Undergrad: 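Following this message is one structure expressed as structure tokens.
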Amino acid sequence: MNVRSPILVRHHRVVVIGSGIAGLTAALRVGDCAVVTKTSLGEGSSRWAQGGVAAAIAPNDAAAAHGADTLVAGRGLSDPVAVEAATTGGPAMIAWLRNLGADFDTDADGNLLLGREAGHSVHRIVHANGDATGAEIMRALRSAVLARADIALYEDTVAVDLVRRDDRVCGVLVLDIDRRPVVIGAECVVLATGGMGRLYAATTNPPEATGDGLAMALRAGAVIRDPELVQFHPTALDTDLDPRPLLTEALRGAGAHLLDSNGYRYMTDVHPDAELAPRDVVARANWRVLRSGPALLDLRHIADLAERFPTAVASARRAGLDPAREPLPITPAQHYHMGGVRTDGDGRTSLGGLYACGEVASTGLHGANRLASNSLLEGLVFGARVAAAIARDANTARSEGQVVMPRGALEVRDDDPAEMDALRRVMWDVAGLVRDEAGLRAGLATVASMAPALGRSLIGRNMIVVASAVLSGALEREESRGSHYRVDHPVIDPGEPRSTMLRWEPVDDVLTLDPSPMIARGHAV
Ligand code: FAD
Ligand code: SIN
């Protein structure tokens with residue numbers, strides 16, 4: 001199919017792309033908008049979230065303490081302004097969700113039960129149905145959206161590219177449910193398309209997480225920050241299942257141990273916090289153990305396991321394992337993207353009319369390593385902040401310039417699973433937990449050679465763009481910091497922490513896969 005001549009069929013004040021926690025929060029708070037989502041309302045990573053939402057609610061806790069833990073995890077790359085916004089905004093957003101009907105786990109007196117996860121100095125993880133927090137939050141958000149007459153829904157509708165008028169985003173080109181090209185014009189667009197985990201052979205992410213928003217933003221000329229900062233969860237169940245079932249970090253918060261094939265608890269040698277060391281430290285330790293045998297998560301001594309962690313227990317049983325009787329084989333797996341579309345503290349991107357929130361955004365909250373359960377928090381707080389910013393900004397002030405439609409005729413063909421798998425394997429091998437210059441350079445060349453074939457499918461085209469950005473950023477960052485570990489630069493750069501800023505430079509109106517023009521070194525573009 002050719003999308004050279006789309007027809008304008010709709011106009012909305014605001015278009016929100018994505019219906020996870022960030023998109024639905026933004027939509028509910030902004031009102032009078034449309035939500036475009038590529039599968040069904042509420043699908044995406046949010047629904048799969050297990051451990052919970054971090055919020056400084058306990059009497060022995062404070063936003064400043066939550067902020068301090070977040071800054072430690074971020075290894076110098078978190079923006080203190082974003083950290084303060086998220087940590088002070090958390091309790092009110094939990095109250096908002098409860099008002100919408102989200103039913104979090106409480107004690108007999110109705111007080112929220114709070115879990116503990118790695119990097120948090122106190123118990124502050126709000127959860128629902130044990131380890132099924134995302135499903136409960138999304139149930140509440142989805143039913144709130146369905147009750148709202150001022151929110152139009154476009155399900156099974158894939159956003160392809162942003163439409164600009166001069167430097168301002170003024171709509172989105174989509175393929176509708178019948179795969180017809182349609183432009184939805186808008187005064188502003190909110191990107192809430194989630195992550196890009198499907199770029200990796202081993203990931204906990206659902207099928208929707210193909211980096212579409214990041215690719216669209218890059219092609220439209222927005223600035224991307226730190227694409228190389230990819231988080232690997234230490235404990236996914238080591239099976240052939242794709243995605244890999246997550247074994248929540250809350251299990252380790254409840255006392256689960258990591259064992260090698262001799263039954264030795266190796267994390268006690270690695271870090272004073274053992275299994276509750278920062279996520280990147282535990283993930284790399286597991287990766288090292290796996291090179292000489294299995295790494296195992298022992299849950300046998302956890303009381304009321306099935307009641308407290310029904311999702312984890314069900315995943316193990318589906319794989320034919322009984323966690324009450326045997327330690328579970330685990331592997332690290334791609335889990336989260338800290339990098340993303342650079343925003344200010346209110347979700348504004350570098351392009352007028354374009355806002356971003358949730359995993360697709362780089363708000364500055366997470367730095368080089370996201371603290372557990374800070375992602376749902378970010379989706380809530382920054383979803384709400386985007387809505388408030390849109391209300392404040394003069395989005396009616398439209399430019400008189402020419403509408404710039406997305407470039408290039410696109411022959412949309414179906415994804416080729418074998419080509420996708422090959423790309424995902426390359427990314428896992430060269431841009432996974434351990435990286436080096438030779439591997440990253442070879443990866444860039446391989447990805448470029450895959451582009452002509454993979455780039456002919458809608459999702460493949462996005463994955464190639466995002467893979468190039470991750471590899472370019474990883475090559476550029478000649479240090480090891482948080483989740484980014486370079487064996488050829490194994491220590492943190494002692495100088496001022498710096499972000500990698502990328503912007504796509506189309507050459508002669510052709511989207512080139514040469515990563516070199518994408519890099520703007522050393523300064524904010
Ligand atoms: P998502 O929830 O992923 O939603 C993205 C939306 O965008 C989807 O609706 C998708 O269909 C849509 N979309 C994507 N591309 C397009 C397109 N081209 N056109 C139209 N629509 C599009 N974080 C925590 O804080 N706590 C946890 O306990 C936790 N557990 C997790 C467990 C798992 C298994 C996973 C995978 C992640 C977990 N995370 C957790 C991370 C967290 O869930 C995500 O980072 C967060 O939910 C992202 O929210 P989002 O709204 O940005 O994106
Ligand atoms: C988990 O439950 O381990 C995931 C938590 C997170 O990703 O924040």
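In this chain, numbering begins with 1 at the start of the sequence shown. Since the structure is predicted, the reported quantities are computational estimates derived from the model, not experimental observations.
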Undergrad: Run the side chain to side chain contact (heavy atoms under 4.5 Å, CB included) test against R98 and tell me which residues pass, sequence neighbours left out.
TA: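 R98: side chain to side chain contact (heavy atoms under 4.5 Å, CB included) contacts with I94, F104, T106, L112.
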
Undergrad: With the threshold set at 4.0 Å, does a side-chain nitrogen-carboxylate oxygen contact exist between R75 and D280?
TA: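 Salt bridge: no.
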
Undergrad: Quick one: salt bridge (Lys or Arg N to Asp or Glu O under 4.0 Å) pairs with a partner in residues 86-96, sequence neighbours left out?
TA: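 Salt bridge (Lys or Arg N to Asp or Glu O under 4.0 Å) check on residues 86-96 returns no pairs.
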
Undergrad: Suppose we screen for side chain to side chain contact (heavy atoms under 4.5 Å, CB included). Which residues come up paired with W48, at least two apart in sequence or across chains?
TA: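 Residues passing side chain to side chain contact (heavy atoms under 4.5 Å, CB included) with W48: P206, P207, P243.
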
Undergrad: Can you see which heavy atom on V470 is nearest to which on P227, and at what distance?
TA: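 V470 and P227 have their closest heavy atoms at CG2-O, 3.5 Å.
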
Undergrad: At their closest point, which heavy atom of V282 faces which heavy atom of A277, and how far apart are they?
TA: CG2-O, 3.5 Å

Undergrad: T349: which residues meet the side-chain hydrogen bond (donor to acceptor under 3.5 Å, both in side chains) condition with it, sequence neighbours left out?
TA: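 In terms of side-chain hydrogen bond (donor to acceptor under 3.5 Å, both in side chains), with neighbours along the sequence ignored, T349 is linked to no residue.
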
Undergrad: Salt bridge or not between R481 and D226? Use side-chain N to carboxylate O under 4.0 Å.
TA: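 Salt bridge: no.
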
Undergrad: In this structure, are over 12 heavy atoms from other groups packed under 6.0 Å from E155 atom CD?
TA: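 Yes, the 6.0 Å shell around CD holds more than 12 heavy atoms from other groups.
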
Undergrad: Going by the salt bridge (Lys or Arg N to Asp or Glu O under 4.0 Å) test, which pairs reach into residues 305-324, not counting sequence neighbours?
TA: D322-R325

Undergrad: Does L146 have any side chain to side chain contact (heavy atoms under 4.5 Å, CB included) partners at least two apart in sequence or in another chain, and if so, which?
TA: L41, R142, L153

Undergrad: Could R279 and E117 be called an ion pair, given the rule that one side-chain N must be under 4.0 Å from one carboxylate O?
TA: no

Undergrad: Tell me, please, which residues at least two apart from V381 pass side chain to side chain contact (heavy atoms under 4.5 Å, CB included).
TA: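 M93, L377, R385.
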
Undergrad: Once salt bridge (Lys or Arg N to Asp or Glu O under 4.0 Å) is applied, do any residues pair with D416, and if so which ones, sequence neighbours excluded?
TA: none

Undergrad: Students often mix this up, so state it plainly: with edges at 30° and 60°, are the rings of H66 and H120 parallel, tilted or perpendicular?
TA: tilted

Undergrad: Excluding sequence neighbours, so at least two apart, what forms ring pair (Phe, Tyr, Trp, His ring centres under 6.0 Å) with H233?
TA: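 With sequence neighbours excluded, H233 shows a ring pair (Phe, Tyr, Trp, His ring centres under 6.0 Å) to H335, given in chain and number order.
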
Undergrad: Could you tell me whether D242 and R424 make a salt bridge, using a distance below 4.0 angstrom between a side-chain N and a carboxylate O?
TA: yes

Undergrad: Can you tell me how far the CZ atom of R477 sits from the CD atom of E228, to the nearest 0.5 Å?
TA: 4.5 Å

Undergrad: Check G51 against T133 and note the closest heavy-atom contact, atom names and distance.
TA: O-OG1, 3.6 Å

Undergrad: Can you name the residues that form a ring pair (Phe, Tyr, Trp, His ring centres under 6.0 Å) with H271, not counting sequence neighbours?
TA: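 By the ring pair (Phe, Tyr, Trp, His ring centres under 6.0 Å) rule, H271 matches no residue at all.
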
Undergrad: Could you tell me which residues satisfy ring pair (Phe, Tyr, Trp, His ring centres under 6.0 Å) with Y336, sequence neighbours excluded, listed by chain and number?
TA: H366

Undergrad: Return the set of residues passing ring pair (Phe, Tyr, Trp, His ring centres under 6.0 Å) with H127 (not counting sequence neighbours), or none when no residue passes.
TA: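 Ring pair (Phe, Tyr, Trp, His ring centres under 6.0 Å) list for H127, sorted by chain: empty.
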
Undergrad: Minimum heavy-atom separation for L77 and S499, please, with both atom names.
TA: CD2-OG, 4.1 Å

Undergrad: Spell out, as yes or no, whether a donor-acceptor pair under 3.5 Å connects the side chain of D79 to the backbone of G364.
TA: no

